[in-house]
Amino acid sequence: MRSLIDILDFSVEELDEMLKTACDIIENPAKYSEACKGKKLATLFFEPSTRTRLSFEAAMYELGGNVISVASADSSSASKGESVADTAKVISCYADIMAMRHPKEGAALVAANNASIPVINAGDGGHCHPTQTLADLLTIYREKGSLNNITVGFCGDLKFGRTVHSLINALSRYTGIKIVLISPDELKLPSYVLKDTIVKNGIAYEETHDLEAAMPELDILYMTRVQRERFFNEEDYLRLKDSYILTPDKLNNAKAEMCILHPLPRVNEISVAIDKDPRACYFKQVFNGKIMRMALILKLLKEAQA
Ligand code: NCD
């Protein structure tokens, strides 16, 4: 059974195919409005979410399907001690496909190993978030026309930011990519991502603390929130939370056609004054996330039926 646990589960050709489907959905939404009629998506969110869960649900409704949902760990049997494996077996009896977010790294993989329906990882702890990457890829593709030959700056919490890890994995398979890692020392990219993805694939990269110095070369600036829920103590969070705040003056040296992305939620990292700047693409990214989740649900359900 095909699932999406890590963005590397899909080949570049499959991602290209999904980007094409997404563009077709945007142009011809009516063509897809009954594509999942009679199918059920279960969303299981054992960690807070607004966008991702509602995006999956909106995606399924726009495909003419139905949704059943667990919106928090406290309201589910997880609070009684049920294992992820058992939950996955149970949900397989109710739904045709499931999306799961869980605070533990590897939880979605355990679910996929035990489910008899496709499982989508909607975020597993500080590890991966492949469907946010789908949103990011569609946004870069629509804004830049290509996923090759771009310099991408990642700024903020590169240690715990799972969206950063997944997008770096995805970009590692395109050509002409340069990655600029902008963070305080304490929030640097984990060495396993740096070594196993960036270095191993021979991708050009730089590490710096200085956002403004890095700005002029960036085609994409990917801002992130400092992931408070993954810190071991509040003092460290308070010290690091405002490490980078993007304000209009900091864009003085940026390319006129640079794209600013953020997986959201935004806390303080991007001043609201930036929202009016044509380079701000983070709300377009939200829309693109719903469309790519539609393309993903279509793909996985089609493969499950084959
Ligand atoms: C991200 C996440 O959950 O990792 N949010 C999202 O799904 N768009 C980013 C974040 O929480 O900072």
Side-chain angles (χ1 to χ4, degrees), residues 4-7 41 43-60 69-73 98-108 119-140 152-170 181-184 186-187 189-190 193 220-231 236-237 240-246 259-270 275 280-294 296-297:
L4 174 61
I5 306 304
D6 186 306
I7 195 70
L41 163 75
T43 54
L44 302 167
F45 278 67
F46 299 124
E47 231 191 14
S49 166
T50 310
R51 239 160 322 278
T52 308
R53 183 168 65 84
L54 296 186
S55 168
F56 269 112
E57 298 185 1
M60 191 56 167
S69 182
V70 170
S72 75
M98 73 171 101
M100 176 188 272
R101 170 170 287 186
H102 198 282
K104 290 220 174 89
E105 287 77 8
V119 174
I120 301 170
N121 181 6
D124 61 330
H127 184 219
C128 293
H129 192 347
T131 66
Q132 180 61 45
T133 303
L134 296 178
D136 304 341
L137 293 177
L138 181 60
T139 309
I140 298 172
V152 184
F154 289 91
C155 179
D157 187 348
L158 312 188
K159 178 177 181 187
F160 296 117
R162 56 193 173 191
T163 65
V164 170
H165 309 158
S166 287
L167 182 54
I168 289 177
N169 270 339
L181 301 164
I182 308 152
S183 74
E186 293 94 326
L187 298 178
L189 192 73
V193 185
I220 308 287
L221 171 59
Y222 196 97
M223 294 296 296
T224 61
R225 170 180 74 90
V226 176
Q227 306 279 298
R228 179 181 206 156
E229 64 277 32
R230 316 235 182 265
F231 274 69
D236 285 350
Y237 169 72
L240 293 166
K241 73 183 175 66
D242 291 328
S243 300
Y244 299 98
I245 300 177
L246 189 64
C259 258
I260 305 165
L261 303 187
H262 189 307
L264 303 180
R266 153 174 67 184
V267 182
N268 222 3
E269 316 74 51
I270 303 181
D275 297 0
C281 293
Y282 29 92
F283 292 114
K284 292 183 188 172
Q285 210 177 340
V286 175
F287 171 80
N288 290 332
K290 180 187 71 178
I291 302 293
M292 277 306 256
R293 290 183 176 100
M294 291 172 76
L296 173 65
I297 292 169

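Order of listing sets the numbers, starting from 1, for every ligand and every atom in it.
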Could you tell me the residue and atom name of the protein heavy atom closest to atom 8 (N) of ligand 1, and the distance to it rounded to 0.1 Å?
Pro263 O, 2.8 Å
Are any of the N or O atoms of Glu229 closer than 3.5 Å to those of ligand 1?
no
Can a side-chain donor-acceptor contact be found between Glu57 and Thr43 if the only test is distance below 3.5 angstrom?
yes
Atoms in ligand 1 with a heavy atom of Thr52 nearer than 4.0 Å
6 (C), 7 (O)
Residue, atom and distance of the protein heavy atom nearest atom 11 (O) of ligand 1 read Arg225 NH2, 2.8 Å
How about Asp157 and Thr224: does a side-chain donor come under 3.5 Å of a side-chain acceptor?
no
Candidates Leu264, Asp124, Val226; heavy atom nearest atom 6 (C) of ligand 1 found on Leu264
Anything under 30° is parallel, anything over 60° is perpendicular, the rest tilted; go ahead and classify His102 against Phe46.
perpendicular
Would you kindly check if the NZ (Lys) or CZ (Arg) of Arg293 is within the cone defined by 45 degrees around the ring axis of Phe56 and under 6.0 Å from the six-membered ring centre?
yes
Measure up the His262 and Tyr282 rings against each other and bin them: parallel (under 30°), tilted (30 to 60°), perpendicular (over 60°).
perpendicular
For atom 7 (O) of ligand 1, the option (of Glu269, Arg51, Glu47, His129) bearing the nearest heavy atom
His129
Enumerate the atoms of ligand 1 whose separation from the nearest heavy atom of Thr163 is less than 4.0 angstrom.
1 (C), 4 (O)
From Arg228, His165, Arg162, Gln227 - option closest to atom 4 (O) of ligand 1 by heavy atom
Arg162
Whether the side chain of His165 engages the backbone of Leu189 through a donor-acceptor N/O pair (distance < 3.5 Å, no angle test) should be reported.
no
Can you list the atoms of ligand 1 that are under 4.0 Å from a heavy atom of Arg101?
3 (O), 7 (O)
Is there a heavy atom of Gly123 sitting under 4.0 angstrom from any atom of ligand 1?
no
Work out which heavy atom in Lys290 is nearest to a heavy atom in Ala58; give both atom names and the distance.
CD-CB, 3.9 Å
